[in-house]
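This report concerns only the one structure given below.
Numbered from 1 within each chain, the chains take letters A, B, ... in sequence-line order.
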Amino acid sequence: MRYTNLFIPTMRETPSGINAISHILMLKAGYVRQLAAGLFIFLPLGWRVLNKINIILKEEMERIGAQEISMPILHPAEIWQQTGRWYTIKEEMFRLKDRTGRDMCLGMTHEEIMTWIAAKEIKSYRQLPQIWYQIQTKLRDEARSRGGVLRTREFIMKDSYSFDADEAGLDKSYKMHAEAYHRIFSRCGLKYYQVESDPGIMGDLESHEFMAPTPAGEDDIVICDNCGYYANVEVAKSKLESPPIVNMEFKEVYTPKKKTVKEVSEFLGVDERYFIKSLLVITEKEPVLVLIRGDQELNEKKLARLIGDFYFASAEEALNLIGVEVGYIGPMNQKIKIIADNSIDKDLLYISGANKKNYHIQGINPREHFKAEWFDIRKVKENDKCIKCGNPIEIQKAIEVGNIFKLGTKYSVPLNAIFLDKDGKEKPIIMGSYGIGPARVAAAAIEQNYDKDGIIWPKSIAPFDIEIIPLNLSDKKTVKIAEELYEKVSEIYNSFADRHMEVLIDDREERPGVKFKDADLIGIPIQVIIGEKGLKDGKIEIKKRRTKESKMVPINRAVVEIVNFYYETF
RNA sequence: CGGGGUGUAGCGCAGUAUGGUAGCGCGCACGGUUCGGGACCGUGGUGUCGGAGGUUCAAAUCCUCUCACCCCGACCA
């Protein structure tokens, strides 16, 4: 394509007030414009990138036998009411009424509608399994959109759904999706991890997320490169060693005005690991005292999975419930429910609050002095030991580019998606759902591939493969060579996929500097630079955007050199 | 939803303390010169100072309300 036929509004100045690299570069390089909070317009280059990603998605989905369909975005409320999500989901769902006053909503995901059509049409085990997918718009009224296209209120998603007759079938569909996702993200040039994840309200079964590590990510993931244990910190576990036992006399100690573990630890000269931190939380039903080793932190997600939504008691509530202010609460003689973290060793002696102002108690033994229910509710930290192999783990920020969930019968039962098995028995369809956000893939690719000059696209998802840059349009020879190369290179077929080499020619009447700057900004993998200096020696320059590695090649060998250069680039 | 910040020309910003004719750079249009890393000269256009109300002879500037956007947190099915 010709630059003069494309709308690529690059910006000279860096937009202010935003942080995410991908957000800045997508704006600056003319890929997107923002309409309002969380609403983005994809301009020609941005749309080309999304389509490149979508083609990869389609190829890999078709490869596992998934069939593309298209569902409405506007949904009748009744179906969402049947699964209960009309009520459990709150402001995140866009709701409206049609002209007759019927409740409707805009689709934030499509489990309900997919299950509805399956319920209507699938009657027999002979029709199973099925995998249906679409690449389609979702709407979620996000409390806070952020990071450019990383978290928006309207976005495109590849969502697929598997329908199986039994668990073994679901396992197979799930595994096929995982494999397809590995191929997809590899082909898109992303560095990524498949991590264990919290299924949230999607289901209670197995789920994984595909995470592209970058500082712009919203999630923290635990990485053990030694054994391959990868998990979202929301669910991650780690090994924790207990310190050696220390004998302490069982007694109250005076700790005036020392409230936090750190303060008391310093005051008494005892390591934080010999403390029990007592946190008072309140659920819808009851107050709960949560215990965790002094040097550790509570993982609120893990706790919420055990006791439901909760909040930390205020100083006043603590005083009313326990009779002592925060800072001196301890596990002993409590009437309320106690949940303790496994980090507290039942064989050791600990220090904790005495439930009396300005006092702590030392020598507390978990077996002897209080009763609790024991769980893993600890937040994994950097350099903890891997739960599987014991090596130190790493924690990184990551963007969730895809997820896979086993749904089981969570949707098929309420929506009555029932089939008859071989024995003529009625059974609910076993389902899975699987999502990928193409815009996040694009943003993650930028976050992982850029330099001070702009974007460096992985070539699989670049908007063009080659950019031809004639430096001076008033020089006839430059133009002639550039146009010839444009024709010839465009005609080359990619031997691995049935498509043309996509070539952009910068035919603008601009000075060389402007063309160089824009070329680097928009990030096409290969630049072909045609200038009078080179032409004097019968040569043109070819250059890799990623490494800036370049070489002068004779004009008569230009086409083959360009193609070779292209194939050896990532 | 809680906390913080910003709204002045297409973009980046100054002007606001102490009220007095709305500015700068880049971009944009036209003419010319230039052409290997965001050229130069000349000419020209560009605004309801986010909005509403108020104080005042006079408001970008002071007061009240409001809206939008960004960042941190909560949330994220």
Worksheet item: Less than 6.0 Å separating the ring centroids of A:W116 and A:Y411?
Response: no
Worksheet item: Considering only side-chain heavy atoms of A:R12, which listed nucleotide, B:rG36, B:rU34, B:rC26, is closest?
Response: B:rC26
Item to complete: Within residues 25-45 of chain A, find the residues that approach RNA chain B with a heavy atom at under 4.0 Å, and present them sorted by residue number.
Response: A:Q34, A:A36, A:A37
Worksheet item: Nearest-Å distance, NZ (A:K301) to C1' (B:rG73)?
Response: 14 Å
Worksheet entry | Over 12 non-hydrogen atoms of neighbours within 6.0 angstrom of NZ in A:K480 | no
Worksheet item: Using a distance-only test with no angle check, is there a side-chain donor-acceptor pair under 3.5 angstrom linking A:E541 and A:S550?
Response: yes
Practice prompt. Return the orientation label for the A:Y174 and A:H208 ring planes: parallel under 30°, perpendicular over 60°, tilted otherwise.
Written response: tilted
Fill in: Quiz item: A:K543 side-chain donor-acceptor pair to B:rG36 base, under 3.5 Å
no
Worksheet item: When the nearest nucleotide of RNA chain B is assigned to A:D520 and to A:S16 on a heavy-atom basis, which residue is associated with the more 5' position?
Response: A:S16
Practice prompt. Measure from CG on A:L139 to C1' on B:rA77 and round the result to the nearest Å.
Written response: 15 Å
Worksheet item: Is any side-chain N or O of A:E92 under 3.5 Å from a base N or O of B:rA77, one able to act as donor and the other as acceptor?
Response: yes
Discussion item. Once you measure the plane-to-plane angle for A:H75 and A:H110, does it fall in the parallel (<30°), tilted (30-60°) or perpendicular (>60°) bin?
Written reply: perpendicular
Item to complete: Provide the distance between the two P atoms, one in B:rC41 and one in B:rG25, to the nearest whole Å.
Response: 12 Å
Worksheet item: To the nearest Å, how far apart are A:R545 CZ and B:rG37 P?
Response: 17 Å
Item to complete: Under a 3.5 Å limit for both distances, which nucleotide forms a Watson-Crick or G-U wobble pair with B:rC57, could you say?
Response: B:rG20
Worksheet item: Out of B:rC71, B:rC75, B:rG37, which has the shortest distance to the side chain of A:N19?
Response: B:rC71
Item to complete: Identify whether any heavy atom of A:L473 sits under 4.0 Å from a base atom; if not, whether one sits that close to sugar-phosphate; answer base, sugar-phosphate or nothing.
Response: nothing
Worksheet entry | Spacing of A:L521 atom CG relative to B:rG38 atom P, expressed in whole Å | 14 Å
Worksheet item: Does the base of B:rG10 carry an N or O that pairs as donor and acceptor with the side chain of A:E13 under 3.5 Å?
Response: no
Item to complete: Return the value, rounded to whole Å, for the distance between atom CZ of A:F312 and atom P of B:rG73.
Response: 16 Å
Discussion item. Between A:W132 and A:F163, is the ring centroid distance below 6.0 Å?
Written reply: yes
Worksheet entry | Distance between C1' atoms of B:rA9 and B:rA29 (Å, rounded) | 15 Å
Worksheet item: Would one find more than 12 heavy atoms of other residues, nucleotides or ligands at under 6.0 Å from atom NZ of A:K379?
Response: no
Worksheet, complete the sentence: Nearest-nucleotide check on RNA chain B, A:I89 vs A:I18; residue mapping nearer the 5' end is A:I18
Worksheet item: How long is the line joining CD of A:E111 and P of B:rA77, in whole Å?
Response: 11 Å
Worksheet item: Looking only at heavy atoms, what is the nearest atom pair of A:L521 and A:A29, with distance?
Response: O-CB, 3.8 Å
Worksheet item: Is the Lys NZ or Arg CZ of A:K544 less than 6.0 Å from the centre of A:F565's six-membered ring, within 45° of the axis?
Response: yes
Discussion item. Can you check the distance between B:rC75 and B:rU6, where both ends of the measurement are the C1' atom (answer in whole Å)?
Written reply: 24 Å
Practice prompt. Would you indicate which nucleotide in B:rG38, B:rA77, B:rC71 comes nearest to any side-chain atom of A:T109?
Written response: B:rA77
Discussion item. Tell me which nucleotide, if any, is Watson-Crick or G-U wobble paired with B:rA74 when both distances must be under 3.5 Å.
Written reply: none
Discussion item. As a test of reading the structure: which of B:rG37, B:rG36, B:rA74 is closest to the side chain of A:K517, going by heavy atoms?
Written reply: B:rG37
Practice prompt. For B:rG7 and B:rG15, measure between their C1' atoms and round to the nearest Å.
Written response: 15 Å
Discussion item. Between B:rG51 and B:rC67, how far apart are the two C1' atoms, rounded to whole Å?
Written reply: 7 Å
Practice prompt. Consider the side chain of A:V514, meaning its heavy atoms from C-beta on, and name the nucleotide among B:rG37, B:rG38, B:rA77 that approaches it most closely.
Written response: B:rG38
Worksheet item: Taking the P atom of each, how far is B:rA77 from B:rA68, in whole Å?
Response: 25 Å
Worksheet entry | A:D309 atom CG, neighbour heavy-atom count above 12 within 6.0 Å | no
Worksheet item: What distance, rounded to whole Å, do you find between the two P atoms, one in B:rG27 and one in B:rA22?
Response: 27 Å
Worksheet item: Do A:R95 and A:W86 meet the cation-pi criteria used here (NZ or CZ under 6.0 Å from the six-membered ring centre, within 45° of the axis)?
Response: yes
Practice prompt. Sticking with atom P, work out how far B:rG19 lies from B:rU61, rounded to a whole angstrom.
Written response: 12 Å
Worksheet item: Just checking A:D475: base, sugar-phosphate only, or nothing, at a heavy-atom cut-off of under 4.0 Å?
Response: nothing
Worksheet item: A:G148 near the nucleic acid: base, sugar-phosphate alone, or nothing, with a heavy-atom cut-off under 4.0 Å?
Response: nothing
Item to complete: For B:rU6, give its Watson-Crick or G-U wobble partner with both distances under 3.5 Å, or none.
Response: B:rA68
Item to complete: Write down the partner of B:rU43 under the Watson-Crick or G-U wobble criteria, each distance required to be under 3.5 Å.
Response: B:rA29
Worksheet item: Near RNA chain B, under 4.0 Å by heavy atom, which residues of residues 437-454 of chain A?
Response: none
Practice prompt. Please report, rounded to the nearest Å, how far the P atom of B:rA74 is from the CD atom of A:E91.
Written response: 17 Å
Discussion item. Could you tell me how far apart A:E509 (CD) and B:rC28 (C1') are, to the nearest whole angstrom?
Written reply: 17 Å
Worksheet item: In terms of side-chain heavy atoms of A:R511, which of B:rA74, B:rG38, B:rC35 is nearest?
Response: B:rC35
Fill in: Over 12 foreign heavy atoms within 6.0 Å of OH, A:Y450
no
